[in-house]
Structure formats: C-alpha cells, structure tokens
Amino acid sequence: MLQFSGKDPTKIRFGRSQLCGFKNGYNFVGHGGPLSCADSAPGLEGMLDELADHDPILTYGDPKSKRGPKTRFVPSYVAYDKKVLKFLAYFKQKTPNSQEEKYRIRYVHILYFLEDDTICIMEPNVDNSGIPQGKLLRRHRVPKNDAGEYYHWRDFDVQDDVCFYGLYYHIYDCDPFTRQLYESEGIDLRAADESTPDDPYIHDRKMRLLPHTYVTPPQWDKLRQFLHMDRKVLRFYVVCDDRDELYGELRKYILLYYLADDTIEILEVHKKNDGRDPFPCLLRRQKVPKKMHHSLTFPSINLEVSPTEVKEWFLDTDLKVGGSVCIFNKRFLLYDCDEFTKNYYRENYCITDFTPVDVSRRAQGLEKKVARPPPNPEPLVLKTPEKDYMKYLENDGIILRFEAELESQKPYHRERRFIISYYPSDDTISIYERVLRNSGVIGGKFLHRMMVEKPESTKEDPVYFTLRDFCIGTTLQVYNHRFKIVNADRFVLTFLEANPCGLEGTIANLNQFFQAHPAPQPVCTSEEQAESDERAPAGGGGLEVREVSVMPDMSQPEYRSPMEKYLDEKRRTEVEIEHNKARAEGLAQTCSELKQKTLAPRKVTFCEEAVQRCE
C-alpha cells in the first residue's frame, strides 16, 4: 500500500496494493519505507491531484478480503425514545338528558409515540365542566380496520377526521415538533383550522362569570307614576270621518288617556233620536299598540295582543290637537281638548298651540256619495221553466221500459240488472235495480225520476238524454255509471211507430232486435212495475196496480185521446157551474118573494077581527 504521510508530498512509502485517502492528507506506505514523488510512477503526480480534489477510496484485489468499519446498530426504542407526535383535536358529544344543552364540544390531545407506534388520548382539565376528564384512551396500538392493520403516523393530517372505536375526532392543529418531523420526511401538513366551535355550556359559564354592570333604575317608575298620576286623565274630543265611503258619516267620540298607567279609552257621544243603540264605550280601557311585529309567514290568531308582539305603545306625546291617530286600523282626528289637558301639555311639554279644528265643514273636493241601486231593467223574479203542456197531456201515463246491465271490470257487478223507465211526457228517467237473492247488493230504487244530463253536457248549455239515445246495444253513462241496454218492451216499438217523428234510427234498431228475438222476455213483472213507478204508493196498500204497458187501440170509434178527454171534462165542468149558478139565482128569487109576502101590512083591524070571531 502506498501511503502519503503528512503534509509533505516528497516523502512516499511503498506498501501493499492499496491506496487510502483522507481529508487531512495522503500517506503512501510500502515495505521499503517512505518514497518520494520522484521514485513513484510517471502518473503519480496526476493521481495525487485527483485525490486532492475528489477524495476517493480505491480498493484493489478481492473486495471481500478487506471490509470497512461496520456502522453502529441503534434500535428504534432508543432512536425514537421520548419522541411523541402531538395532534390537537375535538369531538362532539350529545347530551339528551340535559335541558340546558343539546351537545358538548370536548377538546383532546392525540399523542402518537414513535418508539412503538402506540396512541394515547388525553383531555385537558376544564374548570366547572361537570364531567370527569383526563385520560380518555390508554396507550396502545389502535386498530385501523377489520383487516388487522393499525394506525401509523402517516395516516394523520391536519383538518382530517380519524375514527377510534366508533368515535370520530377532528384534528384541527398540531405542535411545531410534529410539523418539523413531517417536513423532514417530505410530508407537508395542512394549515391549522381556525374555525373551531365553542362548547355552549362552557361559553354560558364564562358569560355568567363576567362582571355585570348595574343600571340604576330611573326615579320615575311605575309605582311613582301611579301615586302621582292617579285620577289624572287627559280628555280629547275626536271624530271619525268616513264620509268618503258608501253610507259613511261623521261621528264624534271622546278619547280619555289615563296618566296613571298609559291606557286609552274611547267613549261614544250620543244625541237624542240619533237612531243608534246607546252603547257607552267604543274601546274599553287598555294599552293601545302603536307599532307591532307583523309575521310574514303565519297570521296572528290571538284575541289579545301580548307585550312580546308590540314594538311601541301609544303615549301622551303621540296625542296633540290637530293630529290624527290610528287605533286598530281606525283613524281618529283630535280636534279639541279640555282645560286640564291644555295645562298638562303647557307645564310638561311647553306646548301652547291648542287651536281647535272645525270639523263641521267638509274637506274641499270631498263630496258625499249617494247610494244608487245598480241598473237592472229586468225584475229579479225567478221564472219557472216553460213546459210543453200538450206533450204532457198526450203522453201522460205512458212509460217506456228498457232492461240494462252494468258495465264493470268486477264480475259480480256484471250480474246486476236494471230497469230504465223513460217518461215521454217530460223526458225524465228513473232507474230501478232488480232484487237478486244472495247477490250481496240491496236492490230497489237506484235513481229517482229526473232529467239526466249527458257526459258532454255543460252548465251553460245542458244536453239531456232523449229517446234517440235508447237503442239496443248502446251504452248510457249516467253519473259515472255505464249501463248497456240489452232488452226492451214491445210497447216501446208500438209507441215509436205511432209517433215516428225523428226516431227512425231507434225504430229500425228495435225492429232488428225483435226479429232476432221473436218472443223476448218481458222487462219486468207487475210487482217490479209498481215498485219502479214512483206514483205507486209504498207497499201497495191493497190497491190495484195500473197496467200502463198496454197501448189502447186508436182505430176504434169510441177511442178518445187524452186531449179530447181533458176538453170534455172541462166543458162538463163549465156546464155544471152554469147550472149551479142558475139554480142559486132561482132560489134567491123565491126567497125574496116569500119575504115580501110575509112582511106585507095587513088591512084588517083588531075590532073587525073580534067581530068576525064572535059571528
């Protein structure tokens, strides 16, 4: 080895084939003793320059034959002994059993020990907190998840939430040592969170401990006001003028302001024969609000105003002659006052102007409105609807019956059968439901006799069902119920053939139906006819049921139409009335003649009558 010894580069020794460099100098050592620079190899001078600049270590031969000095082993519990990471955090704890608070904010210190990766949570003591504080989590390795992993110092960061056994902690800051350690490892922590919440309970305790300022009450309190102002009342004469409204008038009142408790009372002023009830008071004695808190989301439903809803009350400074006040949305004009009121304002408020206001004259340009009835040339009398009496007399007592079934998606409704009766005298309809045993539906009257509107009808232009709509197979929608006509009486076809005015389609439909069914079953029995006919009494009462389904033979000479019967009956009645009148006149004449004969004076005297008796 060549070794350069000392600072003098002229002395060189040659040794084994190893060259070592040091910062303080170079030594070349050999077996023959120290060598000079002249005895060295030709490139030795350049090698020395390179060694002086870069300080390398050159090894010749087998690298395993000669190793350098071993580094000293330091265990982790020695290297990281007493090195602890400190994080500042807080968590929120609910307090359901407390009436003063709903939750609490508890601040803690999360301590991470680097020597064994254990975690400990400490809560600093807070005065008057009311809860035990100190160590919340003992020092141990905290599991991170169910996979068997544990929390490491790389899992923590400022403004993050960490979960320890189901409880979340929010880290808002750390100490300077922790931040420096993370920076040495190449990790930059976030800035501290400045918006940390306050514990409401601790905040209330601090506010209670603050020094309170004592305000000296004024000398003029309510008791002093009552003792000095009792039975002292300000009297104002006011008017309420609503003559600009319809039926409005000018009414006078007396406004009393009680100085003892700042209450107001309004009395009515009555005159003889004014036509009004003698109520003495318009507004009872009470404090009147001047400004109130009006809720924009929910209307006020309280009958009496509470002090919390009032911003300002009426005081004596708000009343002056010539001014107006609005009390419960009613405006009053103060036009005069009494002498005590004037002296009170002179002494306390230095007011000297009490000129009364003349309220007898109306304001300029304000004319009283006269109530005039609205123009309505037509009389407001309800008129009865016009009725076709000829049609009623010709078709009175005629009922056209159809059988129908109910259209429904439920199968037990399809088995129900209905009898639809049509009255051609006034185009009314009634519906009767047949009684079916064990059907679960009570039969009987389904719709009383009335004119039924069509579904497309409107209130302005009503459209009703007529005979044109009653065809076999058609569906009638009567008040959200759909009825399909499946049968009809033969009397219907007979009646329509006798009156075929605009009903050719219905007649053709009935002819086709009766040709396909030569012997159809009747629509209803006599008992069902009696029940479905509204003119029949309930229960029958032992009366004979009128057969209305038999059409009279119009070709017989003795046939009389309902109109002819009505005219004959009317003529017979007139003859009977004339006969009774003539008979009454004859009886009156006979009675008058008898009366004259009875009351006529007799010409025979009393003496002559006596002589005749003697003879």
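What you see is a predicted model, and the numbers here were worked out from it, not measured in a lab.
When V142, L136, L88, V162 are each tested for a side-chain contact (heavy atoms from CB on, under 4.5 Å) with I110, only one passes: V162.
At most 12 heavy atoms of other shown residues, nucleotides or ligands fall within 6.0 angstrom of atom CZ in F226. Shown here is K287, whose NZ atom has more than 12 heavy atoms of other residues, nucleotides or ligands within 6.0 Å. Within 6.0 Å of CZ on R154 lie more than 12 heavy atoms contributed by other residues, nucleotides or ligands. Within a 6.0 Å sphere centred on CD of E339, other residues, nucleotides and ligands contribute more than 12 heavy atoms. Counted within 6.0 Å of OH on Y77, heavy atoms from surrounding residues, nucleotides or ligands total 12 or fewer; the atom is thus considered open. Atom OH of Y479 sits in a crowded spot, with more than 12 heavy atoms from other residues, nucleotides or ligands closer than 6.0 Å. Within a 6.0 Å sphere centred on NE2 of H413, heavy atoms belonging to other residues, nucleotides or ligands number more than 12. Residue-environment remark: OH (Y168) stays at or below the threshold of 12 foreign heavy atoms within 6.0 Å.
For the residue pair Y258 / E265, a side-chain donor-acceptor distance below 3.5 Å is found, with atom types taken as modelled. For the residue pair D175 / T178, a side-chain donor-acceptor distance below 3.5 Å is found, with atom types taken as modelled. The closest side-chain donor-acceptor pair between D358 and Y335, if any, does not fall under 3.5 angstrom. Side-chain atoms of D262 and Q225 form a donor-acceptor pair, as typed in the model, at a separation below 3.5 Å. Side chains of R104 and T95: no donor on one and acceptor on the other come within 3.5 Å. In this model, a donor atom of one side chain and an acceptor atom of the other lie less than 3.5 Å apart for D193 and S195.
Shortest non-hydrogen contact noted between I105 and D199 is N-OD1, 3.4 Å.
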(request) Test H203 against D198 for side chain to side chain donor-acceptor pair (under 3.5 Å), laying out the working first. (result) CA-CA 7 Å; H203 179 72; D198 294 334; 5.0 Å; no
(request) I would like to know whether T263 and R285 meet side chain to side chain donor-acceptor pair (under 3.5 Å); could you show each step before the answer? (result) CA-CA 6 Å; T263 55; R285 181 178 174 180; 2.9 Å; yes
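The aromatic ring centroids of Y253 and F332 lie less than 6.0 Å from each other. If you look at F164 and Y151, their ring centroids are closer than 6.0 Å.
Judged by a 6.0 Å distance limit and a 45° cone about the ring axis, K144 is not positioned over the six-membered ring of Y150. Taking the ring axis of F113 as reference, the NZ or CZ atom of R139 stays within 45° of it and closer than 6.0 Å to the ring centre.
Panel note: side chain Q477, backbone K454; no donor-acceptor pair is recorded below 3.5 Å. Side chain of D157 to main chain of D160: no donor-acceptor pair is present (N/O by atom type, distance under 3.5 Å, no hydrogens or angles). The main-chain N or O of V158 is found under 3.5 Å from a side-chain atom of R190 such that the two form a donor-acceptor pair. Side-chain atoms of T341 never come within 3.5 Å of backbone atoms of L234 as a donor-acceptor pair (strictly under, hydrogens ignored). Side-chain atoms of D318 come within 3.5 Å of backbone N or O of L315 as a donor-acceptor pair. For H140 (side chain) and R138 (main-chain N/O), a donor-acceptor pair under 3.5 Å exists by modelled atom type.
Note on ring orientation: taking the six-membered ring where Trp is involved, the planes of F446 and H481 are perpendicular (angle over 60°, cut-offs 30° and 60°). The aromatic rings of Y182 and F87 lie perpendicular to each other, with more than 60° between the two planes, well past the 30° mark.
A heavy-atom distance below 4.5 Å is found between the side chains of Y344 and L259. Residues R106 and Y90 fail the side-chain proximity criterion, which asks for heavy atoms closer than 4.5 Å.
With respect to the salt-bridge test (charged N to carboxylate O, under 4.0 angstrom), the residues E115 and K83 do not qualify. Salt bridge E268/R251: present, at least one basic N to carboxylate O contact under 4.0 Å.
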